[in-house]
*Asks:* 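This is the structure, below, for whatever I ask next.
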2 protein chains.
Amino acid sequence: MDSSAPARHGRLDLERLRRNCARCSLHRLCEPAGIGASELERLDHVVRRRRPVARGERLFHAGDPLGALFVGREGAFKTVLVSEDGEEQVLGFHLPGELIGLDALGSGQHRCEAVALTDASVCEVPYERLTSIAMQLPELQHQLLRIIGQRLEREQDHIGMLVRRQAGERIALFLHGLSRRVAQAGGSATSLVLPMSRDDIGHFLGLALETVSRGFSRLQDEGVIQVSGRRVEILDADELERMANRETDTPRLQARGSA
Amino acid sequence: MDSSAPARHGRLDLERLRRNCARCSLHRLCEPAGIGASELERLDHVVRRRRPVARGERLFHAGDPLGALFVGREGAFKTVLVSEDGEEQVLGFHLPGELIGLDALGSGQHRCEAVALTDASVCEVPYERLTSIAMQLPELQHQLLRIIGQRLEREQDHIGMLVRRQAGERIALFLHGLSRRVAQAGGSATSLVLPMSRDDIGHFLGLALETVSRGFSRLQDEGVIQVSGRRVEILDADELERMANRETDTPRLQARGSA
DNA sequence: CGTCCGATTGATGCCCTTCAAAAATGGTGG
DNA sequence: CCACCATTTTTGAAGGGCATCAATCGGACG
């Protein structure tokens, strides 16, 4: 496959566009919807591709007007809600391929800020243009609604993580979910390098950073994971998932081997 | 089913439709968007109005395909996520004028169930028809996206309620938020009759029902509210809001009067 | 090699959960 | 109208898990 053919029209052009979208992880937005050539071309003209973002840089701040949605391409982000007393609440982490900026849909202004946890790059889609194109493409409209709906599901899962689950459960749930998402983004499901600090994880899970650290250590003692700073190896994914669903029951009934 | 003037065109028809929408609380969906006559007419033909729902009845179950969105008209609902072990997680409460059913947008299937807490009635909007009309009405599309975005905000507020806030804070936050919403739905902001049980509130706030009850009693002791079963009078809304934002600080530093 | 920031580990206190029982509420039928 | 029951709510007592304070450890970087 040639990588540089500058064909202007025909299949070659479409191929180039599709390739770009697939690389840029925008495929979640347009590819599964079966969008045709002309539509892709329009999207392509609208999307600002592969904008680099330095670690610590913000895609937007709280209060910024909704200008564009972002799709992570490389690196990782967190979205943070800062309360008036300076307390940070981490709303989510965002891996390549995931949409950032939906928090402004309700009011037209961002209510949280998106911070790059590592050096990163994003694709940028002007919101107004996206919606106006969606007006004419049923597939794109449905896809957009579906993606927003999936974000709703994620928020609900986040709530489920926080409600009446104890620390070990939340941490297992977090690692398990992160592993799946890293795999979906093209990484290894068992060998992770966490882009976020223990403090960030704590502010996401509603736990003190020390509790997160202790939880990691405990999982390591039990042989489920191996931790070295931000490097995490998942040794027993099944057990991890089991702990994620209820840690409190059968702590000694089915105990095998050492206590 | 027309019950009155069968006018086909002209202002009368439009007025009737607007009235219906306003009464039906669908105004949040179409009225502020400045929708014109023909569009309202189309919406009107699509909406099944004022369907009664008995207490305990479900609008949908987990796993049901996404058929329609609902707008509460009278009464109250809760949406509940039931985990495999039978544990209930209350995702939200829904007052008149609020949209129910968005949980299915991501997958096309409902993941929670919507239960009527009281005898109630709803308007029912077939989802496919709504989106296909939205394709042709920029205002409606934007309004739809805005409403979904507002739901996202609510989920995030819910998360903020759960993370690192202690019981008294969550309960004050809950009462304060409910008061505002009841007022928005046309009720009294200070005199509430809770449609949900202490258990429901507990499953929403991530607390044991006993803790909720104790929290109410404590607020009463402090003269902030007056409780009698499910009847709650808010005596000091300012103080309630203050407690909602940080209960733990300045308990004795800036203490005035009694310790 | 020394500094700095993040991660780990320890000890203590407290808030909330849990178990338990009494009290109140609401609906039903005599 | 009142008695009766089921359900919900309130209140009490005890124990545990997590936050907090504090110190040490470890790696990254100049």
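Lettering of chains follows the sequences in order, A, B, ..., and the numbering in each one begins at 1. Because the structure is predicted, anything quoted here is derived from the model rather than measured.
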*Asks:* What's the verdict on ring-ring contact (aromatic ring centres under 6.0 Å, His included) for B:Phe93 and B:Phe204, showing C-alpha distance, side-chain angles and the deciding distance?
*Replies:* CA-CA 9 Å; B:Phe93 299 108; B:Phe204 179 73; 5.2 Å; yes

*Asks:* Starting at atom CG of B:Leu162, determine the distance to atom C1' of C:dC16, rounded to an integer number of angstrom.
*Replies:* 15 Å

*Asks:* If I take atom CD in residue B:Glu87 and atom P in nucleotide C:dT17, what distance separates them, rounded to the nearest angstrom?
*Replies:* 12 Å

*Asks:* Report the residues that fulfil side-chain hydrogen bond (donor to acceptor under 3.5 Å, both in side chains) with A:Ser217, sequence neighbours left out, ordered by chain and then residue number.
*Replies:* none

*Asks:* Is it the case that A:Arg164 and B:Gln89 place a side-chain donor and acceptor less than 3.5 Å from each other?
*Replies:* no

*Asks:* Can you tell me the distance, in whole Å, between the CZ atom of A:Arg164 and the C1' atom of C:dT17?
*Replies:* 7 Å

*Asks:* Heavy atoms only, 4.0 Å cut-off, all strands: where does A:Gly206 land among base, sugar-phosphate and nothing?
*Replies:* sugar-phosphate

*Asks:* Expressed in angstrom and rounded to an integer, what is the separation of A:Asp221 atom CG from C:dT8 atom C1'?
*Replies:* 12 Å

*Asks:* Under 4.0 Å between a side-chain N/O of A:Arg231 and OP1 or OP2 of D:dG26, yes or no?
*Replies:* no

*Asks:* How long is the line joining CD of B:Gln166 and P of C:dC14, in whole Å?
*Replies:* 13 Å

*Asks:* Can you check each nucleotide of nucleotides 6-16 of chain D against protein heavy atoms at under 4.0 Å and return B for base, S for sugar-phosphate only, - for none, in 5' to 3' order?
*Replies:* ---SBBBB---

*Asks:* Under 4.0 Å between a side-chain N or O of A:Arg218 and OP1 or OP2 of C:dT9?
*Replies:* no

*Asks:* Carefully, step by step, assess A:Val82 and A:Glu87 under the rule side chain to side chain contact (heavy atoms under 4.5 Å, CB included).
*Replies:* CA-CA 6 Å; A:Val82 182; A:Glu87 199 74 15; over 6 Å; no

*Asks:* Could you pull out all residues at least two apart from B:His94 that satisfy ring-ring contact (aromatic ring centres under 6.0 Å, His included)?
*Replies:* none

*Asks:* I need the CD1-P distance between A:Ile225 and C:dA7, as an integer number of Å.
*Replies:* 14 Å

*Asks:* How are the rings of B:His110 and B:Phe60 set relative to one another: parallel (under 30°), tilted (30 to 60°) or perpendicular (over 60°)?
*Replies:* parallel

*Asks:* Between the opening five pairs and the closing five pairs of the helix from C:dC1-D:dG30 to C:dG30-D:dC1, how far apart are the helix axes, to 10°?
*Replies:* 40°

*Asks:* Return the set of residues passing salt bridge (Lys or Arg N to Asp or Glu O under 4.0 Å) with B:Glu233 (not counting sequence neighbours), or none when no residue passes.
*Replies:* B:Arg231

*Asks:* Does A:Gln226 form a side chain to side chain contact (heavy atoms under 4.5 Å, CB included) with A:Leu235? I'd like the steps, not just the answer.
*Replies:* CA-CA 7 Å; A:Gln226 183 163 352; A:Leu235 304 177; 4.2 Å; yes

*Asks:* Under the rule for side-chain hydrogen bond (donor to acceptor under 3.5 Å, both in side chains), what residues qualify as partners of A:His203, not counting sequence neighbours?
*Replies:* none

